[in-house]
There are 2 protein chains.
Amino acid sequence: MPNNQFKKGELYSFITGKASTAIGRRLQKNFKQANIEITIEQWSVLYHLWKEDGLSQQQLCDATFRDKPSITRLVDNLEKIKLVNRTSSKDDRRMNLIVLTDTGKELEQVCMGIANTTLNEALEGVTHGQIEIAKEVLQMVYENLK
Amino acid sequence: MPNNQFKKGELYSFITGKASTAIGRRLQKNFKQANIEITIEQWSVLYHLWKEDGLSQQQLCDATFRDKPSITRLVDNLEKIKLVNRTSSKDDRRMNLIVLTDTGKELEQVCMGIANTTLNEALEGVTHGQIEIAKEVLQMVYENLK
DNA sequence: GGCATATAGTTGTTTATGCAACTAAACAAA
DNA sequence: TTTGTTTAGTTGCATAAACAACTATATGCC
């Protein structure tokens with residue numbers, strides 16, 4: 001992909017990822033309107049726990065593309081608002097298994113509903129084919145830089 | 001775009017924007033390797049000043065999709081490392097015009113080179129057609145949520 | 001001119017990120 | 001068993017984001 005195929009202005013949109021930023025902001029706003037007081041970062045952790053409860057912090061790092069300090073502090077804050085608990089693993093005492101509280105579990109339905117609504121707002125007028133290609137490109141970019 | 005066209009796992013990539021995050025991190029790393037000590041957020045401000053020097057903070061907000069406090073503090077930090085100066089406008093004394101220092105101007109060549117290289121790394125193996133569609137989708141998402 | 005309103009920018013607070021340095025447990029090799 | 005290495009997680013520090021509340025200047029209207 002030679003340089004000269006890009007105009008500077010186009011380059012910028014890619015790097016700063018304004019579209020995904022916009023989705024994140026909208027999601028946060030939609031959570032707030034539903035009186036759900038969690039950040040999108042917290043949501044992204046909960047999202048993986050809803051799929052599989054009791055993940056270790058390291059597994060959450062891999063799943064959310066965050067580093068260990070970020071997960072430490074996100075889990076700190078999720079514990080503070082009583083949505084998850086740390087329980088140290090019996091197999092390997094180095095590991096914390098992060099387990100949803102009942103309140104944490106109860107949030108899944110409504111949060112995933114809001115996430116779906118938000119995505120539909122974001123993708124209005126975009127065809128299924130376009131979405132598939134966009135996903136492919138994003139995935140390739142991610143793989144290239146891994 | 002009905003809900004059932006999305007699997008949950010796909011939804012997630014869109015919202016968290018891991019690809020653009022990855023590009024940002026790589027860019028930062030490439031700057032660091034070239035001994036350029038600026039953040040990608042600072043770069044995104046400089047980028048617009050290189051295109052047009054003497055923008056107001058409000059213009060930088062619009063250009064970078066950031067809010068006013070964010071720009072205030074990015075300009076604070078850019079002033080601290082002596083890459084820009086605030087000069088209050090004579091036409092409208094409410095406005096600060098942000099002007100590149102000589103050092104700030106000198107960074108353009110090498111920084112834009114690194115940005116281009118980074119983008120080429122990121123987009124290796126992605127066709128021009130795919131990129132065009134991805135850009136369209138991101139633009140539509142942004143417009144939908146504006 | 002004087003008052004209401006809009007606009008430009010700043011400050012405070014909470015949350016999150018990235019990096020480096022750290023502790024503690026597990027594991028592997030001699 | 002002791003020594004060195006890897007792995008899991010935490011802490012400290014600087015930078016940045018989002019939101020609300022604030023100051024100061026400009027503008028529009030009577």
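Naming convention: chains lettered A, B, ... in sequence-line order (proteins, then strands); numbering from 1 in each chain.
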Check: [X] side chain, [Y] main-chain N or O, donor-acceptor pair, under 3.5 Å:
X: A:Arg26; Y: B:Leu145; result: yes
X: A:Gln130; Y: A:Thr127; result: yes
X: A:Ser70; Y: A:Arg66; result: no
X: A:Glu106; Y: A:Thr101; result: no
X: B:Gln42; Y: B:Thr39; result: yes

| query | Starting at the 5' end of DNA chain C, which residue's closest nucleotide do you reach first, B:Asp76 or A:Lys80? | reply |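 By nearest-heavy-atom nucleotide position, the 5'-most residue is B:Asp76.
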| Does some side-chain heavy atom of B:Gln58 sit less than 4.5 Å from a side-chain heavy atom of B:Asn96? |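 A side-chain contact is absent here, since even the closest heavy-atom pair is not under 4.5 Å.
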| Quick one: are B:Leu74 and B:Glu41 in side-chain contact, heavy atoms under 4.5 Å? |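 Yes; the side chains approach each other to less than 4.5 Å.
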In whole Å, what is the span from the [atom1] atom of [X] to the [atom2] atom of [N]?
X: A:Leu83; N: C:dT15; atom1: CG; atom2: C1'; value: 15 Å
X: A:Glu79; N: C:dT15; atom1: CD; atom2: P; value: 15 Å
X: B:Leu60; N: C:dG9; atom1: CG; atom2: P; value: 9 Å
X: B:Leu74; N: C:dT11; atom1: CG; atom2: C1'; value: 15 Å
X: B:Leu27; N: C:dG18; atom1: CG; atom2: P; value: 13 Å
X: B:Glu37; N: C:dC19; atom1: CD; atom2: C1'; value: 12 Å
X: A:Ile71; N: C:dC19; atom1: CD1; atom2: P; value: 15 Å
X: B:Asp67; N: C:dT10; atom1: CG; atom2: C1'; value: 12 Å

| Reading DNA chain D 5' to 3', which nucleotide is the first, and which the last, to come under 4.0 Å of any heavy atom in chain B? |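 Range of nucleotides touched by chain B: D:dT15 to D:dA26.
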| said: Using a distance-only criterion (donor-acceptor N/O pair, under 3.5 Å, no hydrogens), is the base of C:dG12 paired with the side chain of B:Arg73? | reply: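 For B:Arg73, whose side chain was compared with the base of C:dG12, there is a donor-acceptor pair (under 3.5 Å).
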| Partner set under salt bridge (Lys or Arg N to Asp or Glu O under 4.0 Å) for A:Asp53, not counting sequence neighbours |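 For A:Asp53, no residue satisfies salt bridge (Lys or Arg N to Asp or Glu O under 4.0 Å) once neighbours in sequence are set aside.
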| Positions of residues 86-100 of chain B (non-hydrogen atom under 4.0 Å from DNA chain D), listed by number |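 Going residue by residue through residues 86-100 of chain B, the ones with a heavy atom under 4.0 Å of DNA chain D turn out to be B:Asp92, B:Arg93, B:Arg94.
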Check this one for me: any side-chain N or O of [X] less than 4.0 Å away from OP1 or OP2 of [N]?
X: A:Gln28; N: C:dT15; answer: no
X: A:Ser70; N: C:dA16; answer: no
X: B:Thr39; N: C:dG18; answer: no

| field | Given DNA chain D, 5'-ward residue of the pair A:Lys29 and B:Glu41, judged by closest heavy atom | value |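 Nearer the 5' end of the strand: B:Glu41.
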| Is the shortest distance from a Lys or Arg side-chain nitrogen in B:Lys32 or B:Glu37 to a carboxylate oxygen in the other one below 4.0 Å? |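 The answer is no: the pair does not qualify as a salt bridge.
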